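A short write-up of the structure that comes next.
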Amino acid sequence: MKKVKKIQCLFTIMLLTLNATGCGANGETAESTISYTKSIAENEQETIGMTNEEYFENAEFTPWEDCLTYELEGVGYTITACSTSAINVRIPDEIEGKPVLRIGKGAFEDCKRLKGVIIGNNVQSISHDAFMFTGLEHVIIPDSVTEIGISVFDYTPLYKKYEKGVAYADGWAVGCTSDETDVTIEDGTRGIAERIFMDCESIESVTINDLKNITESLFLGCTTLKTVILGDGVETIGANAFKDCTLLSNVTLGKNITKIGKDAFNGDYSLNEIILPESVTGIGEGAFQNCRFSSIIIPEKVEYISRGAFNNCYNLESITIENPACEIYEQTRLETIPSDTMIYGYWGSTAEQFAIDWYIEFTGLDDGNRNNKKAAENALKVKSVALGSGFSAAIAEDGSLYTWGDNEGGQLGQGSRSDPNKTPQKILENVEFLDISSDSSAAVTANGELYMWGANGDNQLAMKNGKLSSSYVTPTMIMENVINASVGNSRGAAVTAGGKLWTWGDGYPDPKKYTSGVRAVSVGERHIVYITENNELYAFGCNDYGQYGNGTVDEVIVDESKRRHVNFNTTNVFVMSDVVEVSAGYDFTAAVTTDGSLYTWGSNKFGQLGNGTREDSNVPVKIMDNIKSVSVNGCNMIALSNDGDVYTFEQTGEQISSNDVVVSVEFDGTVPVKVMDNAVAVSCGDGHYAAVDKNGKLFMWGDNNTGQLGDGTTNDGEEPIEVYITENNALQN
């Protein structure tokens, strides 16, 4: 099977941020600043020496209704901004009967008069930069908080009062001076803010006795770190915790550590010896990759060793596995251990023979479900799939809709903004049709209800009842009696029963009837195409790259003050006849006709037209025969033949050589390349691809940096891999 290269184009999407606010004054615009300024009025006494109890005993609080701006996300609220006039603020436990769960990124940033904050008892996370550049001196953090982001208290008196060592805020370690060499985390510390020691080039030793979890990437890239002592209070070591600490040579692990996360010690080239405590039950993907010890004993309680745990451990001569039932991912067995290494506990066999004779399914610590036998046995059949920019969605045979991948803007519809979700999770039922743009989604149910969610910066989600936001984190019902729909980066459209086409977006949230006699619609970046009931194709919108396909090109004028395409043409233009399917992308379109011909036209800057050139075309050009279906997204395209063959488009060009050495490649364009067969449905994302075969199995490949392939990893897939969707929305362990 040939490897498939992706085509990518970069473009900017502006998001219009409109937050729901509480009754009373809205959040004021924060004064911009590039350096910390204390800015406390002369008649305001400094209270930095007081305890929290002493300070808050006599503090006067601004009513939260008068100073906080907030936004509903899923089942709870996020605080998004605060008035710059506030001095003391008590964040409520609930707003309108729903819990306040999160303090958003930079929510209080630049509120220089702010001195005291009591955080509500339901808040679970405090996001990056939340109180940066404020005058904050006192804060009470409830036990409900489990996560504090980067730079939350930077450039505040609360942080500044520590002249050296680790800075603490109400039991949390929140910062460290840049010249600290020996870091000791105080006993009783409740948690450590994200990545406060990452890339520190002064730390030489770390001692942590009483902290339960060593969080993700905590000491990542500390290239001067030599010694780590983790005491008996430590239970888990998070992903990347000590990754790329190239001088780390002395590690002592406490007797109660159970989990060693993904890439925890990856890249620690000086680590020549490590003793795992008897308490360890799991070793994550790449946990000791590139380490240099010659032998290791895997204790009896270890239940799994994940993929590549000892990859590139070139000095490794022996592994003693004390638990014969330990599950070992096959790449750990075969690819990452020298073939003549003895695997003690398994009949004295070599790793090579062990891999041949013994198949053990994979299970692990956030390490994916590739080759997971249990997940494969329980996988649901899939009938269709749709892909966006870094995220994916699929409809199971029973109509259940699952999403996975990037969720920074809530585009997964799972009720919150969060880190990527690398495995499918169910969000909706009874779904018949699905369409996805870069960061927005539209789904139509069997009874004709249109649901939309994700990015909404240009009102492409058509929110009703005056409720607008920069994004929506759960599926929201927009219209009824819908038979087809599409969403782009700035506009949306739907076809209702009777063939009525409705459009909205680009700043206008209310659906307006455009025309009648329509059966299908597709929204591109700056143009819209639709198929009539008699299979005629029409286009409207911008035409600066020949998007109309009628032989013309029009100049597009941009109003810089509004960032709008002021001459987005709302008059439809006939393109061609006998069209059965159409898909619009970034200033180009692909259509399939009744005789199986695939036509493309529009922008071809990145070779997206698939005709082997990079020349734009303002008329449809036939590029393939015998095609059943096509899908485009951004500047990428995938096609499905009537025989079930799947094609993506590979770059072509001429290599420029000098003395038999390739010095450059002249990129001509892209041409179709067969990837797999026996497929019944395909979809194209912005760098990743998907196909459903005739047995309902889902296959994906391409970029996977945000878990968009759904296999539980962030490892790119150069060839199609089977992805398992299960009813319990998690890996089968």
Side-chain angles (χ1 to χ4, degrees), residues 11 13 435 437 440 442 450 458-462 479 482-496 498-559 562-593 599-604 608-609 616-621 630 632-634:
F11 52 91
I13 304 169
D435 185 68
S437 66
S440 307
L450 170 62
D458 278 318
N459 306 139
Q460 63 264 43
L461 302 188
M479 300 177 67
V482 175
I483 59 175
N484 187 264
S486 182
V487 62
N489 294 325
S490 61
R491 289 176 171 81
V495 180
T496 56
K500 296 178 181 178
L501 175 60
W502 304 77
T503 63
W504 57 85
D506 202 16
Y508 302 97
D510 296 325
K512 296 181 179 180
K513 181 183 174 183
Y514 180 80
T515 189
S516 301
V518 178
R519 67 172 180 84
V521 64
S522 182
V523 179
E525 174 67 14
R526 299 181 302 140
H527 71 296
I528 298 175
V529 291
Y530 64 88
I531 305 173
T532 66
E533 293 171 343
N534 61 356
N535 293 335
E536 291 182 336
L537 180 66
Y538 288 83
F540 61 99
C542 294
N543 188 38
D544 49 335
Y545 290 99
Q547 294 97 310
Y548 292 170
N550 68 344
T552 67
V553 174
D554 301 325
E555 181 183 3
V556 170
I557 303 172
V558 178
D559 184 341
K562 297 181 180 179
R563 300 296 298 173
R564 302 286 182 209
H565 300 95
V566 296
N567 65 335
F568 183 94
N569 187 359
T570 57
T571 302
N572 59 24
V573 175
F574 173 76
V575 182
M576 59 191 301
S577 301
D578 300 324
V579 175
V580 294
E581 185 173 289
V582 67
S583 185
Y586 187 59
D587 294 332
F588 82 108
T589 306
V592 180
T593 57
Y599 290 85
T600 60
W601 64 95
S603 173
N604 198 27
Q608 57 262 51
L609 298 187
D616 299 342
S617 176
N618 58 13
V619 294
V621 176
V630 66
V632 306
N633 194 309

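Position 1 is the first residue of the sequence, and the numbers go up from there. Fair warning: this is a prediction, and the values are worked out from it, not measured in the lab.
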Determine whether the side chains of N459 and R491 contain a donor N or O and an acceptor N or O closer than 3.5 Å.
-> no
Between A520 and N484, what is the shortest heavy-atom contact and its length?
-> CA-OD1, 3.5 Å
Keeping the roles fixed (side chain from S583, backbone from A590), state whether a donor-acceptor pair exists under 3.5 Å.
-> no
Starting at CZ of R526, measure out to OG of S603 and round the result to the nearest 0.5 Å.
-> 9.0 Å
May I ask you to test the I528-V521 pair for a side-chain heavy-atom distance under 4.5 Å?
-> yes
In a check of side-chain hydrogen bond (donor to acceptor under 3.5 Å, both in side chains) between H527 and each of N569, N543, T589, which one passes?
-> T589
For A493 and L501, work out which heavy atoms get closest and say how close.
-> CB-CD1, 4.2 Å
Test side chain to side chain contact (heavy atoms under 4.5 Å, CB included) applied to Y508 - qualifying residues, sequence neighbours left out | none
For the atom pair CD (E525) and CD (Q547), what is the distance rounded to the nearest 0.5 Å?
-> 10.0 Å
Output all residues satisfying side chain to side chain contact (heavy atoms under 4.5 Å, CB included) with S437, sequence neighbours left out; order by chain, then residue number.
-> S440, V487, N489
Residue pair T496 / M479: nearest heavy atoms and the distance that separates them | CG2-CE, 3.7 Å
Is the closest side-chain heavy-atom distance between F588 and V632 below 4.5 Å?
-> yes
Side-chain contact test, heavy atoms from C-beta onward, threshold under 4.5 Å: evaluate it for Y599 versus T593 and give yes or no.
-> yes
Residues in salt bridge (Lys or Arg N to Asp or Glu O under 4.0 Å) with D435, at least two apart?
-> none
Does any non-hydrogen side-chain atom of D554 lie less than 4.5 Å from one of Y548?
-> yes
Less than 4.5 Å apart, any side-chain heavy atom of Q608 and any of D587?
-> no
Working to the nearest 0.5 Å, report the span between OG1 of T532 and CG of N572.
-> 10.5 Å
Non-neighbouring partners of F540 that pass ring-ring contact (aromatic ring centres under 6.0 Å, His included), sequence neighbours left out = Y514
Note: T552 and N618 closest approach over all heavy atoms is O-CB, 3.6 Å
Do we see a donor-acceptor contact under 3.5 Å between the side chains of S617 and N604?
-> no
Compare every heavy atom of L537 with every heavy atom of W601, then report the nearest pair and how far apart it is.
-> CH2-CD2, 3.5 Å
V518 and I531: side chain to side chain contact (heavy atoms under 4.5 Å, CB included), yes or no, with the steps?
-> CA-CA 6 Å; V518 178; I531 305 173; over 6 Å; no
Can you tell me which residue pairs pass the salt bridge (charged side-chain N to carboxylate O under 4.0 Å, His left out) test with a partner in residues 572-586, sequence neighbours excluded?
-> none
What are the two closest non-hydrogen atoms of P620 and V575, and how far apart are they?
-> CG-CG1, 4.0 Å
ring-ring contact (aromatic ring centres under 6.0 Å, His included) partners of Y538, counting only residues at least two apart = Y530, F574
Would you mind reporting whether Q460 and S490 have side-chain heavy atoms less than 4.5 Å apart?
-> no
